[in-house]
Amino acid sequence: MIRAGDYDGEKWTDLVYLPCTAENGFFPDLPAGNRVPDMIYLCSPNNPTGAAATREQLQTWVDYANEHGSVILFDSAYEAFISEPGIPHSIFEIPGAKTCAIEFRSFSKTAGFTGNRCAYTVISKELVREGVSLNRLWNRRQGTKFNGVPYVIQRAAEATFTQEGQAQIKETIQYYLDNARVIREGLTAAGLTVYGGVNAPYIWFRTPEGYGSWEFFDKLLHEACVVTTPGAGFGPSGEGYIRLTAFGDADDTREAVRRIQELLSK
């Protein structure tokens, strides 16, 4: 997703969705034409598709941002789920990222902090636009508008970096990745075209022929009693897809897959 620099005096007027489809590996291509974005949002591993960007893909965007003066907003909330070697865990692994990227990461999915709201943002002191340090600008904004994360939550976040905390996190994440594998393999065996579920807790599958996202959502809900998320809710590229999540109980996950398989077999 890119945000172009058109301003009408009251609001930004142009928010552009870059297609993330099976044809481009669920990772956006560089924008065509002469319109240059001010900000570029990338999420890897991605919600909802479950795709994880390669080093080469990220390098393309870093080079583009540095060449055109854009700023990349890199969301790595699902970094802990990366299981394949060679997949970058941070955009700052990419040469040149310090002069064009801001990375933010939440404890929400890594350590089950959903609702407790604890995250951090990384802005290199090398990131400067029009003579202004974005690091200093962000620090001023935080110091003015934010009193900080509650102390008890800070201590919980600190505990995730202990040896015991890291072991517990790895065990929990593996539990969800096992759920993702069950979903991915089960839906594939049922004849669906399935993506994700390897480096992310989300499975993204194409709806059967003749069904839109909402139509197949309704069918699964009313005929299999399985709740899913219609892909159309994530933007134009999501039509014709459904998202499933691995965040659940293992027995419930297997039962949901069994119900979907049974429905499709009819």
Side-chain angles (χ1 to χ4, degrees), residues 19-27 43-54 75-87 89 108-112 114 168-266:
C20 294
T21 64
E23 288 69 30
N24 62 12
F26 298 107
F27 190 79
C43 177
S44 179
N46 183 259
N47 178 14
T49 67
T54 66
D75 185 347
S76 60
Y78 303 96
E79 166 273 335
F81 287 85
I82 295 175
S83 60
E84 293 182 314
I87 299 295
H89 288 247
S108 176
K109 301 301 185 292
T110 300
T114 302
Q168 291 177 357
I169 286 173
K170 289 180 180 179
E171 181 180 356
T172 300
I173 287 176
Q174 189 57 55
Y175 183 94
Y176 293 134
L177 285 175
D178 287 342
N179 282 348
R181 176 184 50 78
V182 168
I183 298 170
R184 186 179 69 253
E185 293 178 354
L187 298 189
T188 299
L192 295 171
T193 301
V194 185
Y195 306 93
V198 176
N199 297 301
Y202 299 116
I203 293 83
W204 187 245
F205 70 88
R206 194 184 296 274
T207 57
E209 186 176 357
Y211 287 94
S213 292
W214 279 103
E215 287 78 11
F216 199 61
F217 164 85
D218 287 337
K219 186 175 183 66
L220 290 174
L221 178 63
H222 295 293
E223 299 183 31
C225 294
V226 174
V227 180
T228 62
T229 305
F234 294 99
S237 296
E239 177 53 58
Y241 290 90
I242 292 285
R243 191 199 75 170
L244 292 176
T245 176
F247 290 123
D249 177 79
D251 290 337
D252 290 342
T253 297
R254 287 189 288 268
E255 174 62 18
V257 171
R258 185 196 66 78
R259 293 183 185 185
I260 294 173
Q261 290 176 329
E262 182 179 3
L263 177 64
L264 292 175
S265 69
K266 298 178 182 178

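Remember, predicted model here, so these are calculated numbers, not experimental data.
Annotation for G238 and S213: closest pair O-OG, 3.3 Å, computed over non-hydrogen atoms. The shortest heavy-atom contact between R184 and I203 is N-CG1, 4.4 Å. When all heavy atoms of A180 and G197 are compared, the pair lying nearest together is CB-O, 3.5 Å. The heavy-atom pair separating L177 from A200 by the smallest distance is CD2-O, 4.1 Å. Smallest separation of non-hydrogen atoms from A80 and I173: CB-CD1, 3.3 Å. Across L263 and L220, no two heavy atoms sit closer than the pair CD2-CD2, 3.8 Å.
Looking only at distances, a side-chain donor or acceptor of N179 sits under 3.5 Å from a matching main-chain atom of A246. In terms of modelled atom types and a separation under 3.5 Å, the side chain of T207 and the main chain of F216 share no donor-acceptor contact. With T228 contributing its side chain and L244 its backbone, the two residues share no donor-acceptor pair below 3.5 Å.
Residues T21 and N24 meet the side-chain proximity criterion, which asks for heavy atoms closer than 4.5 Å. Side-chain contact between P48 and Y202 is absent, with no heavy-atom pair separated by less than 4.5 Å. Counting heavy atoms from C-beta outward, E185 and V257 have side chains that stay 4.5 Å or more apart. Counting heavy atoms from C-beta outward, Y78 and N199 have side chains that stay 4.5 Å or more apart. Contact of the Y195 side chain with the T49 side chain is not registered, since no non-hydrogen atoms from C-beta on lie closer than 4.5 Å.
No salt bridge links E262 with R259; every basic N to acidic carboxylate O contact stays at or beyond 4.0 Å. The pair E215-K219 does not count as a salt bridge, with every side-chain nitrogen at least 4.0 angstrom from each carboxylate oxygen.
Interatomic distance, CG of L264 versus CG of L187, reported as 8.0 Å (0.5 Å rounding). Here C20 contributes atom SG and W204 contributes atom CH2; the two are 10.0 Å apart, rounded to the nearest 0.5 Å. Note that CD of E255 and CZ of R258 are 4.0 Å apart. Values are rounded to the nearest 0.5 Å. Atom CZ in F205 sits 10.5 Å away from atom OG1 in T188 (nearest 0.5 Å). Rounding to the nearest 0.5 Å places OG1 of T54 at 7.0 Å from CZ of F27. Put simply, CG on D75 and CG on N47 are 8.5 Å apart, with the number rounded to the nearest 0.5 Å.
Legend: side-chain hydrogen bond (donor to acceptor under 3.5 Å, both in side chains) pairs involving residues 230-241, not counting sequence neighbours, sorted by first then second residue: R206-Y241. Residues in residues 170-189 take part in these ring-ring contact (aromatic ring centres under 6.0 Å, His included) pairs, two or more places apart or across chains: Y176-F247.
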